[in-house]
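Indexing begins at 1, ligand by ligand and atom by atom, following the structure's order.
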Amino acid sequence: MGDGPASGGSFSQSVVEKEFLALEAEIGEHDRRYYGEAAPTISDGAYDALLRRRQELLSLYPDLQKRAAPRTVGDDRLEKFEKRPHRRPMLSLNNTYSEEELRQFIERVERLAGGPLSFAVEPKIDGVAVSLVFRDGHLAHALTRGSGLEGDDVTANVRTIKGLPFKIPEAGQGILEVRGEIYIGREDFALLNGQREEEGLEPFANGRNLAAGSLKVLDPKKAAERRLRFIAYEIGEGDSPFLSHGQVLETLRLWGFPTNEFRMGLGADGVWERIREFGGRRQSYPFDTDGAVVKVDDRPLRERLGSQATAPRWAIAYKFSPERAETVLKGIRLQVGRSGVLTPVAELEPVSLAGTTIRSATLHNADEIARRDLRIGDTVLLERAGEVIPAVLGIVPAKRPPWAETYRYPDRCPACGGNLCRIAGEVAYRCLNPDCPPQIARRLLHFASRSAMDIGSLGPQRVGQLIEAGLVRNFTDIFHLQMDSLLTLPRTGEKSARHLLDGVEGAKNRPLWRLIHGLGIPHVGAETAKALALRWPSLEKLANCGSEELQHCEGIGAIVAASVQKFFQDDRNGRLVAELKMLGLRTEEMAVAGGPLAGKVFAITGTFSAYGREELKQKIEALGGSVRSALSRQVDLLLVGAEPGSKVIEAEKLNIPIGGERDLAELLGLSL
Ligand SMILES: [Zn+2]
């Protein structure tokens, strides 16, 4: 008896069916994470492997089709964004990892076309596809792919992208659609992750997720900080006069769009050669690339070739295989974060992968270890695609030594012996001991970090020494340090001690937001701290603020508000605030308070000819005013531009004064 389709016994059938349904569920879950939350938990390669297995089962057991969920292009629509239909469906591309399948694609297309064809080959940017719709030469909407038929309107965030033309007078009257990819450059990504680590947050796994997430933040100011970029690669099909893909890219470039490089290849050999060329240079691109896109150059021919359900017939994405390596899991170390969260880290036999030596990899949490049944001594499979942090894909069962034992997650903190607890709704374990040394060290390091109080001479080694010598336990201790006690530390001369004391003295006068950030309130990063300091220019006032009041601050949601309130409700932190003030730290902000719009609260609706929304907000803030996204009785004036929204009616109900373009000019004119 074989186990192929011919056998068809009820036993094998039910086993197969079980596998298939499990696969469906797993793929569905990954789709939701990838498209809906932009936070995938497996690599693209592993995901594609699941899809392939699904396809394989379907072709072996066609009966399974009845149990199959319809596969569509991934859906990234979110409820909070306005939806708009695409003028033409925004399809995804079929993709392949194999040269053979690529050649089959070319053969198929050439057969359909009835002769040899010329193909355009370009590097595939690992970003997020968007459609920009221009009306009479002005950007009207930017839409995500969404369901393929309709997408989320992310125009406000797309407008923050530098180097993207928002007006193309050359395009003339009518509608023009430009498609392309939004991404975060590799250098910017490294920079953003550096900042994140300083804030004690887990680094972003890769640029693609970050770009997708940034496009979906509700505050365009936050989106602007993510330094999104755009590369154009297509002009909407159908109503455009272009004959070839090369002509399209040339035109886009002339209009001022950043475009990708491309090569022409004739037939399978030519295309393959171009792909290999791009592959050889993939590390040198400013963006992450995971392959190459191959398209029929002739546009009228594309129209004739048409599309299948979810992908056009005239294009394919060839994906580079992610680099993989095997190595031995030597141990699992638990790293204690500043809020006590334990992160298991795999200690690996050093192995070279995609040009770097890998010695460790995060294992995320206890559940992950159990789910994969990772044991010390196991041979693990590592994968690194592009700039993604290396991930442990799984184990190689055949290489498990007989002595390998199941890993037992400790029930006490490995650093201090304190009790561990798992907070409801979180996967992580936390050490509850506030005196746990690594927690203290991380809190102090965060406080002194460049994005907080910026005390340069207070690095990891120095902090370790100070804690060990019993000189420092909390933030206030830093400001009690004395020359003579510092001189008792190993390898510390008068010069370095003086340097440290000067640094500490200098930190007393940092802007308030740095202090707020340095306190390490969960969920409060540098940007949130800035928003808080702008609204409450006094640490005492902030500490006594109610959660509802907090939520009315621009950019502060319920989670952050609750976290801030909880932090200051803790008596120890209340005392901390008083002590910091007594020690002479700057806990009040004076600077903006003197501006001509000081204390004035504004709301905005509609568009203004002189400024974009974000620019306008910055102008008002620079003059000491503040801008809220929602109307409330605290708002002093609603600025109404062209095509205003429902805020006008709301303002009338709440008796809030309304001002137009001229009032705005007058307000801003105060500073001229
Ligand atoms: Zn501990």
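- Residues R443 and S339 bring no donor and acceptor atom of their side chains to less than 3.5 Å of each other.
- Summarising the local packing, NZ of K508 is surrounded by more than 12 heavy atoms from other residues, nucleotides or ligands at distances under 6.0 Å.
- Note on D373 versus R375: salt bridge recorded, some NZ/NE/NH1/NH2 to OD/OE distance being below 4.0 Å.
- Defined by atom type and a distance below 3.5 Å, a donor-acceptor pair is missing between the side-chain atoms of Q439 and R442.
- Within a 6.0 Å sphere centred on NE2 of H480, heavy atoms belonging to other residues, nucleotides or ligands number more than 12.
- With respect to R575 and D571, no salt bridge is recorded, no charged nitrogen being found less than 4.0 Å from a carboxylate O.
- Excluding waters, the count of protein N/O/S atoms less than 2.8 Å from the Zn ion (ligand 1) comes to 4.
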